[in-house]
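Below you'll find the structure, written out as structure tokens, and then a few comments.
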Amino acid sequence: MVGVADARGMRPVHTALAVLVAAVWGFNFVVIEIGLGHFPPLLLSALRFLVAALPAVFFVGRPKVAWKWILGVGAALGIAKFGLLFTGMAAGMPAGLSSLVLQIQAVFTAVLAAVVLRERPGPVRLLGMAVALAGIGVAAVDRGVSGPATGFVLVVAAAACWGVSNVLTRKAAPPDALNFMVWVCTVPVIPLFALSLLLEGPDRDLAALRALDWSGVAVIGYVAWVSTVFGFGAWGYLLRRYPASSVAPFSLLVPVFGMSSAALVLGEGISGPRWLAAVLLVGGVGLTSLAPARAGRRAAVSAGRPPAAPAASPAP
């Protein structure tokens with residue numbers, strides 16, 4: 001519910017919370033990169049959702065939306081988006097660049113919303129989409145020069161799946177973001193474990209689990225509890241308290257934290273073209289996410305909002 005405090009702006013403690021969530025989601029890409037040194041990508045994704053769902057699912061109560069939405073978002077977000085993202089990063093896509101390129105989900109969300117929800121993008125939103133796509137083009141050229149393009153393509157595909165999950169979440173309109181996200185986390189666990197066994201092999205999976213150490217445990221704990229449960233729970237709390245237009249801009253800080261933490265922790269360099277891509281993408285996503293759509297029906301969530309807010313990732 002939007003109260004008097006909303007009209008005067010966010011309270012400092014809530015502003016700090018929004019920045020903290022953006023930092024958590026940005027640093028999450030560094031943690032994923034470290035985790036991929038311990039686990040195959042699909043196995044890491046499966047463990048992330050298993051630990052995020054258990055034991056939380058026993059404390060959040062029954063699902064508050066129809067199962068078709070939980071299954072749909074779980075498949076698009078959990079299986080497709082994170083499976084592709086982790087696989088793309090394992091294929092060589094740098095953590096910082098991944099945090100940036102994934103933000104193109106706002107453009108995919110706006111396009112899908114226009115088709116599915118009959119939201120006609122206005123001129124400002126169309127301009128934002130064009131600017132963001134130009135940023136993706138610059139990032140693609142930079143990545144093509146510096147390394148294989150396979151990982152880049154997989155991360156862009158992950159962003160498209162994120163867009164699908166955003167639209168499904170908007171259709172579901174869950175009243176409780178944390179409840180919805182925890183139940184969504186139950187959906188990908190078995191499919192991702194099955195895909196890991198099929199594509200990555202039982203020997204590789206068993207070797208990773210047998211070699212599990214405290215570093216690997218910390219990785220799983222961060223991506224499951226800190227990034228997923230805390231991050232989406234706090235974001236949902238802010239969106240229940242303030243208008244989306246007040247909260248959504250903080251998601252633009254995710255690639256800022258992602259690229260800077262990757263540079264500091266992993267030593268990833270940031271080239272001139274990558275800086276240009278960052279400016280274009282963040283600026284374009286900002287215009288795409290925050291500009292009003294001329295909608296045939298009222299949208300419950302802004303197009304660029306992260307899937308679990310209840311529409312978000314990253315994020316993530």
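Computed from a prediction, not measured in an experiment: that's the story for all the values here.
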Please step through side-chain contact (heavy atoms from CB on, under 4.5 Å) for the pair F86 and L42, ending with a clear verdict.
-> CA-CA 7 Å; F86 284 28; L42 295 177; over 6 Å; no
Could you walk me through whether F82 and F49 pass the side-chain contact (heavy atoms from CB on, under 4.5 Å) check?
-> CA-CA 10 Å; F82 281 105; F49 286 107; 3.5 Å; yes
What pairs meet the salt bridge (Lys or Arg N to Asp or Glu O under 4.0 Å) rule with one or both residues in residues 24-34, with sequence neighbours excluded?
-> none
Aromatic rings W25 and W235: how do their planes relate, parallel, tilted or perpendicular, breaks at 30° and 60°?
-> tilted
Going through the checks in order, is the side-chain contact (heavy atoms from CB on, under 4.5 Å) test met by R125 and L287?
-> CA-CA 6 Å; R125 181 168 286 185; L287 290 172; over 6 Å; no
Give a yes or no on whether the backbone of L192 and the side-chain of S196 come within a donor-acceptor separation of less than 3.5 Å.
-> no
Hey, does the side chain of S227 reach the backbone of A224 with a donor-acceptor pair shorter than 3.5 angstrom?
-> no
Looking only at heavy atoms, which two atoms of V21 and A234 are closest? And how far apart?
-> CG2-CB, 3.7 Å
Between F180 and F232, does a ring-ring contact (aromatic ring centres under 6.0 Å, His included) hold up when you go through it step by step?
-> CA-CA 10 Å; F180 181 69; F232 289 136; over 10 Å; no
Are side-chain heavy atoms of F59 and V182 found at a separation under 4.5 Å?
-> no
Between CG on residue L44 and CD1 on residue I220, distance to nearest 0.5 Å | 7.0 Å
Selection residues 48-68 - residue pairs positive for salt bridge (Lys or Arg N to Asp or Glu O under 4.0 Å), sequence neighbours left out = K64-D176
Under a 4.5 Å side-chain heavy-atom rule over Ile, Leu, Val, Met, Phe, Trp and Tyr, are L84 and I136 clustered together?
-> no
Does Y242 use its side chain to pair, donor to acceptor, with the backbone of R11 at less than 3.5 Å?
-> yes
For W275, does the CH2 atom have more than 12 heavy-atom neighbours from other residues, nucleotides or ligands under 6.0 Å away?
-> no
Heavy-atom pair with the smallest gap, counting every atom of P273 and V138 = O-CG1, 3.2 Å
Q105 (side chain) donor-acceptor with G163 (main chain) under 3.5 angstrom | no
